[in-house]
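Only heavy atoms go into these numbers, but all of them, side chains included; no hydrogens, no water, no symmetry mates. Source: prediction; values computed, not measured.
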Amino acid sequence: MTPDRSAGLAESARALAAGELTSQALVERALARIEATQGSLNAFRIVRAEAALAEAEAADKELAAGVRKPLLGVPVAVKDDMDVGGEPTAFGCQGEFPPVAQDGEAVRRLRAAGAVIIGKTNTCEFGQWPFTEGPAFGATRNPWSTEHTPGGSSGGSAAAVAAGLVPAALGSDGAGSVRIPASWTHLIGIKPQRGRISTWPRGESFQGITVNGTLARTVADAALLLDAASGNHDLDPHRPPAVAASEAVGRDPGRLRIALALKPPFTAVPARLQPEVRAQVVQLAEKFSDLGHTVVEADPPYGQIGLTFVPRATAGIAERVREMPFPTLLDHRTRETARLGELLGGAPLRAARRAEAVLQRRIGAFFETYDVILAPTTAAPPPRIGALLNLSGFATDRAMIAACPYAWPWNVLGWPGVNVPAGFVTGGLPVGAQFLGPANSEPLLLSLAAQLEAELRWHEAWPPQQVASDFPAA
């Protein structure tokens, strides 16, 4: 690790508890890193400098008094679709938004674990696209190549973690929005079981397809943040049984039957896995064979699962647009999607919701033969900044499906998925692979990811130093 980038989440928590440094020093360094890169990476929508320093001072007093919490005094970031008391929640939109009165449940739990909320990260408008750009905040850039997007919609969180501005961050995933930016910035990205991390004050987000998840450089750090943020509000409709993610990290996964699923699920327009990306994913499959797992090429019986995704996604956008104080400021594509969502929000939406149980049974039967699915996270490396920004709605959908056809089915099912780094393609651009499992399978996916991490040590690679050339010395 270079001295001008953040230590990991677990290491920071350990050093604080051991008295090797103070939360105030840790937060000051993070704020300096954010300020130094905001002009180049633009990861943050809101930086809570004054509030974070006050929280750090309070954390130092607790540490000195012998209080111990999992993340006491550690700075973390959250995506700007999550409520942080006293701050607006713009969710990528233009306009002036009022501060919210209180933390959302996920943020409340992070605070209960002792975390310092250093800021809110950029996201595209209502989290719809696999890029993080827009008139509300400009373009967020990829630390590995600032000419390229970090992905989306949790692109700000991914950029912040990949550049070492913070050790870990929360994002949200409605069609791959944690896993896609994790894959394009060389990170671990966990999309947990629906309800694992509360989306309250919304019992469901986007008709249940969107969940909150974690981004970090290591499996252990992503699991630690997952444990800290997990849990439910009393009124949450989805309340999965608790799992101990961190305990799974050091556990031998055993010898597994892994399905290598390279075929894109059903899409309305063509999607093709680019050869460079395919080669990296196949290389991971070969590594699993070397580790003693049985790997077989096999694709889950997705069928026409996409027909159930569209009503839920578009109805979810329509709900958000209805709440908007400034609908005329929204992207024309958002308004078009909302109009479609109003049309599909009745019988088609009810049919899509009913189909979920049928899909879970059919695809769940696949896991009688296989333990885990290994699939590409995206079909292509990250696009250049601006490539998708000013397209028509149809052209945006076409480009999005071509680049990212693999992630969204697990949002329909509500099951866990974990992105891991799969290496680099031409131009030094990162790509990823995802492990997909049945309901509540986070422990298995994380133990498998940790086994691979121990072999490949992907966390030792950092973005090019010139991206962070303005970093102050620690």
Side-chain angles (χ1 to χ4, degrees), residues 8 10 178-179 182-193 213-224 226-227 243-263 273 275-300 363-364 366-378 406-407 410 415-425 430-462:
V178 162
R179 289 164 289 156
S183 74
W184 284 346
T185 58
H186 198 70
L187 297 177
I188 305 300
I190 303 175
K191 173 220 172 294
Q193 177 74 23
T214 65
L215 295 114
R217 292 178 52 78
T218 68
V219 179
D221 283 355
L224 176 58
L226 177 61
D227 282 337
V243 297
S246 293
E247 289 180 12
V249 171
R251 191 182 304 150
D252 185 343
R255 293 196 171 188
L256 302 178
R257 302 162 299 170
I258 298 174
L260 175 61
L262 297 173
K263 183 180 176 184
L273 178 60
E276 278 192 305
V277 181
R278 185 186 193 280
Q280 296 298 323
V281 178
V282 168
Q283 202 168 32
L284 288 190
E286 291 167 353
K287 174 57 71 174
F288 279 134
S289 293
D290 293 344
L291 289 168
H293 302 291
T294 300
V295 182
V296 177
E297 274 203 51
D299 296 299
I363 297 171
F366 190 76
F367 290 101
E368 294 171 10
T369 305
Y370 302 99
D371 300 302
V372 174
I373 295 168
L374 168 64
T377 302
T378 68
Y406 289 100
W410 246 242
W415 294 344
V418 176
N419 176 80
V420 300
F424 300 89
V425 297
V431 294
Q434 54 180 339
F435 305 153
L436 304 170
N440 305 306
S441 59
E442 291 100 326
L444 178 62
L445 302 181
L446 292 171
S447 65
L448 184 62
Q451 182 188 49
L452 194 61
E453 181 179 81
E455 291 287 319
L456 300 181
R457 307 203 56 83
W458 47 58
H459 53 285
E460 294 177 355
W462 285 92

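Summarising the geometry, atom OG belonging to Ser289 is positioned 7.5 Å from atom CD1 belonging to Ile258; distances are rounded to the nearest 0.5 Å. Atom-to-atom distance recorded for Glu460:CD and Glu453:CD is 9.5 Å, nearest 0.5 angstrom. In this structure, the separation between NZ on Lys263 and CD on Glu297 is 12.0 Å, given to the nearest 0.5 Å. Separating the CD atom in Glu286 from the CG atom in Leu260 is a distance of 9.5 Å, to the nearest 0.5 Å.
When every heavy atom of Pro253 is checked against every heavy atom of Gln451, the shortest pair comes out as CG-OE1, 3.6 Å. Contact record, Ala298 with Tyr370: CB-OH, 3.4 Å, taken as the closest heavy-atom pair. Scanning all heavy atoms of the two residues, the minimum distance from Ala261 to Pro376 falls at O-CD, 3.3 Å. Here the closest non-hydrogen pair linking Ala433 and Ala422 is N-CB, 3.9 Å. Taking each heavy atom of Leu446 and Val219 in turn, the nearest pair found is O-CG1, 3.7 Å. Summarising the geometry of Glu368 relative to Arg257, their closest heavy-atom pair is O-NH1, 3.3 Å, with the distance given to 0.1 Å.
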Could you please spell out the steps behind the side chain to side chain contact (heavy atoms under 4.5 Å, CB included) verdict for Leu436 and Arg179? CA-CA 11 Å; Leu436 304 170; Arg179 289 164 289 156; 4.1 Å; yes
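Using a 4.5 Å heavy-atom cutoff, the side chains of Leu448 and Phe288 are in contact. You'll find the side chain of Ile373 reaches within 4.5 Å of the side chain of Trp410, heavy atoms only. Here the side chains of Leu452 and Leu284 are in contact, with some heavy-atom distance below 4.5 Å. The shortest distance between side-chain heavy atoms of Val420 and Leu456 does not fall below 4.5 Å. Residues His459 and Arg457 are in side-chain contact: their nearest non-hydrogen atoms beyond the backbone lie under 4.5 Å apart. Between Tyr406 and Leu273 there is a side-chain heavy-atom pair separated by less than 4.5 Å. Val418 is not listed as a side-chain neighbour of Gln434, based on a closest heavy-atom distance of 4.5 Å or more. Side-chain atoms of Thr185 and Pro430, non-hydrogen and from C-beta on, never get closer than 4.5 Å to each other.
In this structure, the side chain of Lys191 engages the main chain of Trp415 through a donor-acceptor pair within 3.5 Å. No side-chain donor-acceptor contact under 3.5 Å links Arg255 to the backbone of Thr294. Side-chain atoms of Asn419 never come within 3.5 Å of backbone atoms of Val178 as a donor-acceptor pair (strictly under, hydrogens ignored). Between the side chain of Asp221 and the backbone N or O of Ala216, no donor-acceptor pair lies under 3.5 Å. Of the possible donor and acceptor atoms, one in the side chain of Glu442 sits under 3.5 Å from a partner among the backbone N and O of Gln193.
For the side chain to side chain contact (heavy atoms under 4.5 Å, CB included) test, residues two or more places apart in sequence or in another chain that qualify with Thr378 are Ile180, Ser183, Trp184, Cys404. Residues passing the side chain to side chain contact (heavy atoms under 4.5 Å, CB included) test with Pro421, sequence neighbours excluded: His186, Ile188, Trp458.
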Atom pairs and distances, side-chain donor-acceptor, residues 245-252, under 3.5 Å, sequence neighbours left out:
{"unit_1": "Ser246", "atom_1": "OG", "unit_2": "Asp227", "atom_2": "OD2", "d": "2.8"}
{"unit_1": "Asp252", "atom_1": "OD1", "unit_2": "Gly254", "atom_2": "N", "d": "2.8"}

